[in-house]
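Below you'll find the structure I mean.
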Amino acid sequence: MKELLATARLLAFGQTQHFERVENRSAIGDGDGDVNGDEHDHQPACGTNPADGIAQWDEAQLLLDPARRGRVGSFQSAERGVHAPEVLGMVFLEAVRGASCNLPSAVCRLRPAVAFCLLAVALAAACGEERPASTTLVLSYGRMTAEHDSVLLELATRFEAGHPGVRVQLHPLQPGSDSQRFFYLRSFTAGSQLIDVFELDNIWTAELAAAGTLRTPQEPPYARGLSAAVRQAASYRGRVEALPSFVATSLLYYRTDLLEKHAIAVPTSLTELAETARRIADEEGVDGYLWQGAEYEGLTCVFLEVYQGMGGRVRLLERGIFLEGEVVRRALAWLFDLVESGASPHAVTGLGEPGGRERFLAGDAAFLRDWDDFLASARGQDGPIAANVGVAVLPGLAGRPGVSTLGGWHLGVNASTQNPGPAAELVDFLTSDESQRVLTERLGRLPASSGVPRAPVWQGAAGGVLDKALALAAPRPSSPYYHDLSRIIQEEVHAALVSDKSVDAAADKLVERVRALTLSPEAGPEFPRMLLNPSFLF
């Protein structure tokens, strides 16, 4: 019955990800090395083939009957990305609207009250069925590659071997970190118990913890060895709320052959980087410096790196996040000047991770700001520059080190799980040195644990660069307000880059909006507004 109530709450909040419309970012990624991007989902709730609706209803029954579940994706349609709670919500909403749909015509013709009663009876009957004696843990994650699925299945099998009576079911979500975040926030805030353990971007931790949707873990011994930055990203109000699975950081990639040709040293300051990029662009006819300038999370990372590299502080207080206005203006002016001077092409304002990587690998750029996972693919491909890819830390002001962004993903336990003990054990296992070693060897992930050797590409000189970058890496603010802050930065910085606003006007507006966000009586994290007003998503 608890799940029935949770489902009712999901319905009350319009919990149908199938209707969700998220800004299309399929070509730009999500800002911290997970180049998946979001996609439009504008399909109608019901299609044109009646068999599809019956199959979706049967998929909902798979969800409610653990004995019928498969190992991977048992309650998410591989073709359409429909989740069973959303299928049930879809049935109810379509019945209420009186619209025709793919379900049997008798269901579509039901009056709203009758339809809801039928749905409630079906749910209660399913919830009343006897469950298998073994414990089934549902592990949810964002689908990346087939190899990613394979590795998680292998780790799940290892866990099961050491935990008789416990079975792990994988629940992959479609790519797109924004849509994944919306799904978790809405489901968990409504009290859904369908997912026990889930992967979360490190910038979600504070928001989910503030929403009361994370079960605080008992820190395993290895957690004491985490760096201060990694621990901060995994914490909210000084308490670790999720455990790191892997980390990521940003770096400066460059063409060694072009620097040697022009007898230029690797830039160590923002001024040197701008001047060197402009010179090579002019003399070689290639792009100088590529970075993520499209209006998405990657632009937030770039701006915060420049802002902090210029000495700006991100102050995280009880009421919100505060930035220094004068440094905001200087950072924004530096980025704008890159484009205006020709150090970066105008096309950078629409560039995300995939596009930048493609141009750099084709030999069409001298410098690229990107994540650590790019080095292995850059040196392992057969393109024209494979043997000429260098890596360095991001520069700051003269005499001041640059600042990289700390990315990465964590594992958390749903606060409403019915299996808190086994779920915590699964998180401990998946974030252990043993599991991180598998993720490193098979997927090239950067381990969060210092006890796990890195991939071979990070041995030698490159390893020294990475060590320095990690030491300088700063987590994005661990605050429930973070997504509001990021959206403000994206909008105002991008407006200046494309000349919709002057640099001064955009900088002033950015500071003003952040101040209003954190100080106005109506201010607050995004998730309560999203839940109380479903139209917020459309």
>> Which residues pass the ring-ring contact (aromatic ring centres under 6.0 Å, His included) test with F159, not counting sequence neighbours?
In response: H163, F429
> With the threshold set at 4.0 Å, does a side-chain nitrogen-carboxylate oxygen contact exist between E512 and K509?
Replying inline: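 K509 and E512: salt-bridged.
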> Quick one: salt bridge (charged side-chain N to carboxylate O under 4.0 Å, His left out) partners of R313, sequence neighbours excluded?
Replying inline: E324
>> Taking ring-ring contact (aromatic ring centres under 6.0 Å, His included) as the definition, give me every residue that meets it alongside H494, ordered by chain and number, with sequence neighbours left out.
In response: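 Partners of H494 under the ring-ring contact (aromatic ring centres under 6.0 Å, His included) test: none.
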> How are the rings of F198 and Y184 set to each other: parallel, tilted or perpendicular (split at 30° and 60°)?
Replying inline: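 F198 and Y184: tilted rings.
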>> According to side chain to side chain contact (heavy atoms under 4.5 Å, CB included), who are the partners of A331, at least two apart in sequence or on a separate chain?
In response: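 Applying side chain to side chain contact (heavy atoms under 4.5 Å, CB included) to A331 gives F303, V306, Y307, M310.
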> Residues in side-chain hydrogen bond (donor to acceptor under 3.5 Å, both in side chains) with T417, at least two apart?
Replying inline: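 Per chain and number, T417 pairs via side-chain hydrogen bond (donor to acceptor under 3.5 Å, both in side chains) with D196.
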>> We want to know whether S486 and E297 form a side-chain donor-acceptor pair, criterion being a heavy-atom distance below 3.5 angstrom.
In response: yes
> Do L510 and K501 pass the side-chain contact (heavy atoms from CB on, under 4.5 Å) test, and can you show the C-alpha distance, the side-chain angles, and the key distance before you say yes or no?
Replying inline: CA-CA 11 Å; L510 192 159; K501 293 181 180 179; over 6 Å; no
> Atom CG in L214, atom CD in E207: separation rounded to 0.5 Å?
Replying inline: 10.5 Å
>> For T249 versus S404, what's the shortest heavy-atom pair and its separation?
In response: OG1-CB, 3.3 Å
> Can E305 and S250 be counted as having a side-chain donor-acceptor contact under 3.5 angstrom?
Replying inline: yes
> What pairs with E241 under salt bridge (charged side-chain N to carboxylate O under 4.0 Å, His left out), at least two apart in sequence or on another chain?
Replying inline: R239
> For the residue pair S140 and L173, what are the closest heavy atoms and their distance?
Replying inline: OG-CG, 3.8 Å
